[in-house]
Number of protein chains: 2
Amino acid sequence: MATDSTPHANRKVTLADIAAGCDVSRATVSLVLRGSPLVNKLTRARVEEELRRQGYVYNRAAANLRRRTSSSIALVLNDLANPFFAEFATGVDEALGGGGYVTLLGSTGESVTREQAVLGSLLEHDPAGVILSPAEGSDAGQVLRTIGVRTPLLLFNRELAGKVSPDAPWDRLMLDNQRGARLATEHLIALGQKRIAFFGGHAASSSCQQRHAGYVEAMKAAGLRIEPHWRIECAPNRVDAAAQCGALFFESPAPTAAVCYNDAVALGLMLGLYQRGIQPGRDFAVTGFDDIAEAGLSAPPLTTLASTPRARGKQAAELLLQRLREPQAEPQRIVVPVQLVVRGSSCPPATA
Amino acid sequence: MATDSTPHANRKVTLADIAAGCDVSRATVSLVLRGSPLVNKLTRARVEEELRRQGYVYNRAAANLRRRTSSSIALVLNDLANPFFAEFATGVDEALGGGGYVTLLGSTGESVTREQAVLGSLLEHDPAGVILSPAEGSDAGQVLRTIGVRTPLLLFNRELAGKVSPDAPWDRLMLDNQRGARLATEHLIALGQKRIAFFGGHAASSSCQQRHAGYVEAMKAAGLRIEPHWRIECAPNRVDAAAQCGALFFESPAPTAAVCYNDAVALGLMLGLYQRGIQPGRDFAVTGFDDIAEAGLSAPPLTTLASTPRARGKQAAELLLQRLREPQAEPQRIVVPVQLVVRGSSCPPATA
DNA sequence: TTCGGGACTTGGAACGATCTAAAAATCCAG
DNA sequence: CTGGATTTTTAGATCGTTCCAAGTCCCGAA
């Protein structure tokens with residue numbers, strides 16, 4: 001007893017060790033592990049005791065290999081450091097964990113090259129599916145080629161560039177960007193704003209295009225002019241937004257309000273405005289997009305569009321799990337509505 | 001040619017398929033894949049062509065099984081939605097990716113129960129190591145029992161509760177909480193503050209204890225009194241902090257400044273102060289801890305302690321990879337200094 | 001005493017890679 | 001040519017699990 005009760009310190013405990021330890025076959029131990037009703041109560045008890053005694057831990061990789069299954073999902077995000085995506089990831093992980101899956105994380109830092117590398121590396125671990133929020137400029141053909149057709153893909157937040165024939169063979173979960181930006185713009189117009197800029201984001205990104213389209217839609221519907229220099233591009237982060245702030249005022253007529261690409265940009269813009277002695281929420285109206293946690297805590301608090309990223313994460317995970325259950329179902333494209341949250345950063349024009 | 005150029009649509013391409021496809025053995029294909037110099041140039045070319053043609057993707061799980069290695073690291077965080085940890089995770093993932101590892105993500109939402117479940121589930125995937133920022137109240141014995149002694153553990157940010165004999169057999173990467181809080185307190189004292197509270201966090205958490213100790217240290221060194229009701233506990237998030245704000249003013253003498261457990265708490269407290277008509281940075285001084293991105297953007301911008309979470313993530317990953325290289329080295333305990341960042345939220349007492 | 005059949009158990013072949021030791025092919029000097 | 005050295009390739013076992021088909025045991029019916 002003393003001999004085998006001290007398993008060799010440098011090897012993991014396996015089924016065979018347990019089997020040897022209580023004198024049954026590996027097959028029986030396997031049945032016990034999986035709670036099969038086939039095995040006798042006494043045997044089960046004996047095996048379970050031995051499992052505990054030796055401190056066995058299941059090797060899911062081996063099981064997955066044999067069963068040709070997978071118990072992981074790859075989650076690839078363009079910017080994990082952005083609180084919006086951090087919340088999203090939390091939601092995904094919670095839901096996946098509930099479904100018995102494990103999250104393989106990859107963040108691409110908005111680089112298409114890294115995205116390819118990360119996808120490639122994660123795919124070698126044979127995930128059951130992929131949730132991807134693509135980097136800006138990420139190409140449909142390329143992504144499809146590295147993911148292959150066998151692994152289901154759920155696209156979040158952005159479309160991929162480039163057409164795929166005949167129809168994108170993946171599911172999509174998108175925010176209603178256009179409607180959201182339209183709501184924000186209409187809200188500013190209702191406050192009496194007339195000279196409204198669209199600030200931030202890159203024109204190449206699909207979500208930016210959609211948000212810009214919503215802005216244009218609202219402006220046109222209200223019969224308002226749009227000056228070309230009211231469209232300022234910048235990277236979707238605070239730093240670049242603050243740096244680009246000045247560009248709004250190079251030419252006249254200068255805008256008195258801005259619909260921003262997202263909250264990060266809006267917060268950066270407000271910072272830039274302060275540095276110019278312009279007080280957002282009084283001298284200049286600003287709206288954001290996403291309603292990240294700090295949106296309610298900035299000064300002034302930010303008027304923005306709420307998209308409840310954690311719930312989106314949960315939803316994304318559930319959509320993918322559903323797809324795994326029914327691989328043959330029609331690809332879905334879900335557009336979730338966003339909600340306007342009015343706070344202090346939107347105001348009537350100062351000179352009105 | 002036409003027959004085998006269309007691999008069966010429903011099975012993954014394996015080494016054997018490639019071997020069959022170009023009439024060599026599996027062993028040879030394996031050598032090619034791993035860039036062995038043993039294989040003839042022509043054969044290599046032939047195999048590589050076939051790999052491309054069939055769209056082979058490497059199955060790292062199978063390889064890991066055979067080689068008894070692992071190419072993943074588990075990253076378990078108590079609160080991924082907190083931007084501090086999101087940044088940290090980004091740093092970890094970047095560094096791990098560089099080392100050829102993949103990140104298995106798990107977030108515990110500050111629940112010890114979930115932490116156990118998550119750790120258990122991730123360990124079944126046989127990670128080479130674990131990076132853990134434990135949930136509040138997480139117990140050393142329990143964690144050690146589920147992780148086992150074979151898998152190296154790197155502890156970040158918090159110590160585990162309960163003693164382990166003779167010495168904790170894991171590496172630790174900690175912030176210099178005590179010194180940080182002391183610096184913040186000394187800064188307030190230098191501004192002329194005398195009635196300084198310590199606000200937020202749970203007394204059970206090690207980081208909170210350390211920060212509180214730093215505060216006490218500075219107060220004592222300056223010969224200042226500490227009233228018991230100047231120690232307010234709350235959950236380390238904005239919402240609870242805002243709700244607990246009132247507790248500071250139930251008894252006199254009321255404090256005129258507060259050293260907060262972290263930035264989230266400080267931002268919440270500032271929100272609560274506003275709601276009471278008290279303007280932080282003018283009527284009441286506030287400091288935070290972490291220097292999360294929005295600390296510089298709040299109104300007033302937050303005086304806090306910078307810990308550069310992304311760099312910490314990188315460092316954590318590198319420490320763990322180092323440990324994998326030298327499993328027998330002495331356990332390390334690294335305490336990284338934090339830097340005081342003075343911004344607008346700290347001010348002299350209003351009545352001075 | 002034999003037989004059918006439930007209730008359990010089990011040996012051995014998978015899964016997709018790697019490793020080892022040895023075979024096969026090639027080369028080259030004598 | 002031949003024999004040994006060198007280069008290249010390979011069969012088969014192996015990693016830790018699951019699956020399959022077949023085995024054992026025991027009990028009551030024929």
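Using a 4.0 Å heavy-atom cutoff across all strands shown, Ala27(B) reaches at least one base atom of the nucleic acid.
In this structure, the CZ atom of Arg26(B) is 14 Å from the P atom of dT14(D), given to the nearest Å. Look at CG on Leu51(A): it is 10 Å from P on dT17(D), rounded to the nearest Å. Atom pair Ile18(A):CD1 and dG16(D):C1' shows a separation of 12 Å (rounding to whole Å applied). Atom pair Asn40(B):CG and dT7(D):C1' shows a separation of 9 Å (rounding to whole Å applied). Atom pair Arg66(A):CZ and dC20(D):P shows a separation of 8 Å (rounding to whole Å applied). For the pair His125(B) NE2 and dT17(D) C1', the interatomic distance rounds to 14 Å; values are reported in whole Å. Put simply, CG on Leu15(A) is 13 Å from P on dC15(D), counting in whole angstrom units.
The pair Arg333(B)-Glu159(B) meets the salt-bridge criterion, since a charged nitrogen lies less than 4.0 angstrom from a carboxylate oxygen. Note on Arg53(B) versus Glu49(B): no salt bridge recorded, every NZ/NE/NH1/NH2 to OD/OE distance being 4.0 Å or above. With respect to the salt-bridge test (charged N to carboxylate O, under 4.0 angstrom), the residues Arg310(A) and Glu94(A) qualify.
Glu326(A) and Gln322(A) share a side-chain donor-acceptor pair at under 3.5 Å. Thr28(A) and Ser25(A) share a donor-acceptor pair across their side chains, judged by distance under 3.5 Å alone.
Taking a heavy-atom distance under 4.0 Å as the criterion, the stretch of DNA chain C touched by chain A extends 5' to 3' from dC8(C) to dG16(C).
Note: Glu48(A) CD to Thr43(A) OG1 = 11.0 Å, rounded to the nearest 0.5 Å. A distance of 5.0 Å separates CG of Leu324(B) from CD1 of Ile73(B), quoted to the nearest 0.5 Å. The distance from the CZ atom of Arg323(A) to the CD atom of Gln328(A) is 8.5 Å, given to the nearest 0.5 Å. With rounding to the nearest 0.5 Å, the separation of CZ in Phe88(B) from CG in Leu80(B) is 11.5 Å. Here the CG atom belonging to Leu319(B) is positioned 5.5 Å from the CG atom belonging to Leu154(B), to the nearest 0.5 angstrom.
End-to-end axis angle for the helix from dT1(C)-dA30(D) to dG30(C)-dC1(D), using five pairs per end and rounding to 10°, comes out at 70°.
Comparing Val24(B) and Ala62(B) by the nucleotide of DNA chain D that holds the closest heavy atom to each, the one mapping nearer the 5' end is Val24(B).
Taking 4.0 angstrom as the limit, Arg67(A) places a side-chain polar atom (N or O) nearer than this to OP1 or OP2 of dC19(D). For Ser25(B), a side-chain nitrogen or oxygen approaches OP1 or OP2 of dT10(D) to under 4.0 Å.
For DNA chain D, the residues of residues 28-38 of chain A within the heavy-atom distance limit of 4.0 Å (strictly under) are Ser30(A), Arg34(A), sorted by number.
Note on ring orientation: taking the six-membered ring where Trp is involved, the planes of Phe156(A) and Phe85(A) are perpendicular (angle over 60°, cut-offs 30° and 60°).
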